[in-house]
*Asks:* 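Here it is: the structure, laid out below.
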Amino acid sequence: MHGYKISQELEQYGFQGIPKGTIYPLLLNMEKKGLITGKMRPSSDGPKRKYYRISEKGLGEKKIFVSEWQSLANSVDQLIKKDK
């Protein structure tokens with residue numbers, strides 16, 4: 001996906017109001033770290049756009065993140081249930 005499409009997708013998942021100027025620096029940072037790759041492609045809507053794809057390294061980092069997130073979510077759930 002290109003950056004603008006990514007921002008539209010994020011909005012569908014409840015991330016409204018994220019400035020478009022926030023998305024592009026994050027994409028650039030992720031690309032520099034090798035988590036995603038970017039490739040310029042022609043666009044039927046105007047000038048070329050940079051399309052991004054997750055890399056193998058990015059998939060590995062995603063797996064680690066999801067595992068850590070689930071652990072955190074479970075801990076928070078236990079804490080909330082304890083206080084009921």
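Residues take their numbers from the sequence shown, with the count starting at 1. Quantities reported herein were computed from a predicted structural model and do not represent experimental measurements.
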*Asks:* Is it the case that over 12 heavy atoms from other parts of the model lie below 6.0 angstrom from the CD atom of Gln16?
*Replies:*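 More than 12 heavy atoms, drawn from other residues, nucleotides or ligands, come within 6.0 Å of this atom.
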
*Asks:* Linking I/L/V/M/F/W/Y whenever any side-chain heavy atoms sit under 4.5 Å apart, do Ile64 and Trp69 land together?
*Replies:*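 No.
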
*Asks:* To the nearest 0.5 Å, what is the distance between CD1 (Ile6) and CG (Leu27)?
*Replies:*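 Rounded to the nearest 0.5 Å, the CD1-CG separation comes to 4.5 Å.
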
*Asks:* According to the side chain to side chain donor-acceptor pair (under 3.5 Å) rule, which pairs have a member within residues 25-35, sequence neighbours left out?
*Replies:*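 Of all non-adjacent pairs touching residues 25-35, those that pass side chain to side chain donor-acceptor pair (under 3.5 Å) are Asn29-Lys33, Glu31-Lys50.
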
*Asks:* With clusters built from Ile, Leu, Val, Met, Phe, Trp and Tyr whose side-chain heavy atoms come within less than 4.5 Å, directly or transitively, what are the remaining members of the cluster of Leu26, listed by chain and number?
*Replies:* none

*Asks:* Which atom names give the shortest non-hydrogen contact between Ser43 and Arg49, and what distance separates them?
*Replies:*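 Closest approach of Ser43 to Arg49: OG-NE, 3.7 Å.
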
*Asks:* Kindly write out the residues that satisfy side-chain hydrogen bond (donor to acceptor under 3.5 Å, both in side chains) with Glu61, not counting sequence neighbours, or none if the list is empty.
*Replies:* none

*Asks:* Report yes or no: does Ser71 contribute a side-chain atom to a donor-acceptor pair with the main-chain N or O of Ser67 at less than 3.5 Å?
*Replies:*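 Checking the backbone N and O of Ser67 against the side chain of Ser71, no donor-acceptor pair under 3.5 Å is found.
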
*Asks:* With sequence neighbours excluded, give me every ring pair (Phe, Tyr, Trp, His ring centres under 6.0 Å) pair touching residues 28-56.
*Replies:* His2-Tyr51

*Asks:* With rounding to the nearest 0.5 Å, note down the distance linking CD1 in Ile54 to CE in Met1.
*Replies:*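 Interatomic distance, Ile54 CD1 to Met1 CE, rounded to 0.5 Å: 11.0 Å.
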
*Asks:* I'd like to check the ring pair (Phe, Tyr, Trp, His ring centres under 6.0 Å) partners of Tyr24; sequence neighbours left out, ordered by chain and number.
*Replies:*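 Applying ring pair (Phe, Tyr, Trp, His ring centres under 6.0 Å) to Tyr24 gives none.
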
*Asks:* I need the Ile36 CD1 to Leu59 CG distance, nearest 0.5 Å.
*Replies:* 12.0 Å

*Asks:* Measure the spacing between OG1 of Thr37 and CD of Glu56 and express it to the nearest 0.5 Å.
*Replies:* 10.5 Å

*Asks:* Following the transitive rule for hydrophobic clusters with a side-chain heavy-atom cut-off under 4.5 Å over Ile, Leu, Val, Met, Phe, Trp and Tyr, establish whether Phe15 and Phe65 coincide in one cluster.
*Replies:* no

*Asks:* By side chain to side chain contact (heavy atoms under 4.5 Å, CB included), which residues pair with Asn74, not counting sequence neighbours?
*Replies:*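 Asn74: no side chain to side chain contact (heavy atoms under 4.5 Å, CB included) contacts found.
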
*Asks:* Quick one: does Ser7's side chain have a donor or acceptor within less than 3.5 Å of a partner on Tyr4's backbone?
*Replies:*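 Yes, because the side chain of Ser7 sits within donor-acceptor range (under 3.5 Å) of the backbone of Tyr4.
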
*Asks:* For Leu35, is there any backbone N or O sitting under 3.5 Å from a side-chain donor or acceptor partner on Ser55?
*Replies:*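 Side chain of Ser55 to backbone of Leu35, a donor-acceptor pair under 3.5 Å: yes, one is there.
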
*Asks:* Within this structure, what is the CD1-NZ distance for the pair Ile23 and Lys5, rounded to the nearest 0.5 Å?
*Replies:*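 Between atom CD1 of Ile23 and atom NZ of Lys5 there are 13.0 Å.
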
